[in-house]
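Here is the structure we will look at, set down as structure tokens.
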Amino acid sequence: MSAKIIDGKAVAASIRSDIKQAIDARKAEGLRAPGLAVILVGNDPASQVYVNHKRKACEEVGIISTVLTPEADIEQHELLELVDRFNADPDVDGILVQLPLPEHINESTVTERIRPDKDVDGFHPYNIGRLAQKRPELRPCTPYGVMKLLESTGITTRGARAVIVGASNIVGRPMALELLYADATITVCNSKTQDLPGVISQADIVVVAVGRRHFVKGEWIKPGAVVIDVGMHRGEDGKLSGDVEFEAAAERAGWITPVPGGVGPMTVAMLMQNTLEACQLHNEPPLD
Ligand code: GUN
């Protein structure tokens, strides 16, 4: 293997440690701790695991978390009422509704109900629009975390050719906006893209978020490229793997994220960061 490993676990731990320090300093000044409200609808096992990670991280850094777990058959208007309750609660700085939601609930309606200044997922059109206009406020956690991982390698994004594989609202699209904000040259691929291997082989930076195990082959990677794998799949043997053929890609890449221990811990760390930033915003509103 020639690639260096991007240790997301270590970068995330360092970010959480900085957040803990900032929260301790707030409390020492007599300011309140940040508050995060999480709504988890139904009992999807993967979502339960993710929410548990978020709750534990809150505890570690000193964020006060509240987790509500309504049944899967909750009516949309009842869910919106829960969001309204947290929107109005002065002790709640951040609100997160875990996705996916049951079929009968419209995800956009719920996401757009969250006050933009409490939207710590960064999914509200206001926050996506701010990022699109180079004036980010609360930034989508996974792409924001990927930018921190790229920063940790010391490679420059300015002028780099970045290829994003996957165009979802949660990862691919905001990832493109983040990389554009960092002055990279962006290509976003979707299921209709022609000659995907050819496009990927041009990339200095490849971010893969397609949700298909080992979808990107090692031989497609340009020698020396940075490979960021957002995928996470559990095999029948219980082992986790990503959207990229790790071993083969690591033979060619300059840097690569492992799965697990790459992007995953960063998503949670950036959620903590956003909750702290939202809290600071609520205490010290910006002048503009
Ligand atoms: N489901 C998968 N990833 C996420 C995320 O980052 N936030 C929320 N709210 N739901 C998710």
Side-chain angles (χ1 to χ4, degrees), residues 8 12 15-16 36-58 63 65-70 72 74 76 79-80 82-83 86-87 92-103 105-116 118-128 131 136 138-149 164 166-175 177-178 207-212 228-234 240 242-243 257 259-260 262-275 277-278:
I15 290 173
R16 288 199 309 272
L36 174 66
V38 177
I39 305 175
L40 168 60
V41 179
N43 43 24
D44 174 62
S47 291
Q48 285 172 334
V49 170
Y50 293 139
V51 167
N52 223 10
H53 285 152
K54 293 169 185 177
R55 195 184 48 71
K56 277 193 193 146
C58 282
I63 291 172
S65 70
T66 307
V67 180
L68 295 187
T69 55
I74 186 173
Q76 178 166 302
L79 180 56
L80 293 174
L82 293 179
V83 172
F86 290 132
N87 277 340
V92 170
D93 298 293
I95 304 169
L96 181 150
V97 179
Q98 186 67 25
L99 304 178
L101 288 168
E103 289 273 312
I105 294 177
N106 184 313
E107 281 185 1
S108 305
T109 305
V110 175
T111 302
E112 291 182 30
R113 188 67 160 242
I114 296 171
R115 257 173 58 172
K118 294 193 176 190
D119 168 38
V120 284
D121 259 328
F123 293 163
H124 192 287
Y126 173 83
N127 283 314
I128 296 292
L131 180 57
L138 293 170
R139 298 156 74 161
C141 300
T142 300
Y144 193 12
V146 169
M147 297 313 292
K148 296 283 175 191
L149 289 179
I164 299 144
S168 69
N169 285 336
I170 293 185
V171 184
R173 285 164 197 261
M175 190 72 250
L177 295 175
E178 281 286 356
V207 181
V208 190
V210 288
R212 289 170 66 175
I228 307 283
D229 190 345
V230 183
M232 170 91 88
H233 311 274
R234 193 174 290 280
L240 292 171
D243 287 354
T257 57
V259 178
V263 174
M266 294 301 292
T267 299
V268 180
M270 300 328 289
L271 174 67
M272 304 296 106
Q273 176 76 36
N274 278 348
T275 306
E277 284 176 18

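Read the numbers this way: they start at 1 and go in the same order the structure lists the ligands and their atoms. In what follows, every heavy atom counts, from backbone to side chain, and hydrogens, waters and symmetry copies are set aside.
- The distance from atom CZ of Arg113 to atom CG of Leu80, rounded to the nearest 0.5 Å, is 4.5 Å.
- In this structure the side chain of Leu101 reaches within 4.5 angstrom of the side chain of Leu79, judged on heavy atoms.
- One finds the NZ atom of Lys54 at 14.0 Å from the NZ atom of Lys56 (value rounded to the nearest 0.5 Å).
- Counting only non-hydrogen atoms, the option in Ile114, Val230, Asp121 that gets closest to atom 9 (N) of ligand 1 is Asp121.
- Gln98 NE2, 4.2 Å is the protein heavy atom nearest to atom 4 (C) of ligand 1.
- A salt bridge (charged side-chain N to carboxylate O under 4.0 Å, His left out) with Glu178 is found for exactly one of Lys148, Arg139, Arg173, namely Arg139.
- A 4.5 Å side-chain heavy-atom check between Ile95 and Arg115 finds every atom pair outside the cut-off.
- When only interatomic distances are considered, the shortest N/O to N/O separation between Pro100 and ligand 1 does not fall below 3.5 Å.
- Residue contacts with ligand 1 for Phe123 involve side-chain atoms from C-beta outward but no N, CA, C or O (heavy atoms, distance under 4.0 Å).
- By the 4.5 Å heavy-atom criterion applied to side chains, Asp93 and Ile63 are not counted as neighbours.
- Regarding atom 1 (N) of ligand 1, its nearest protein heavy-atom neighbour is Leu99 O, 2.9 Å.
- Neither the backbone nor the side chain of Thr142 has any atom closer than 4.0 Å to an atom of ligand 1 (non-hydrogen atoms only).
- Near Leu96, meaning under 4.0 Å from one of its heavy atoms, ligand 1 places the atoms 9 (N).
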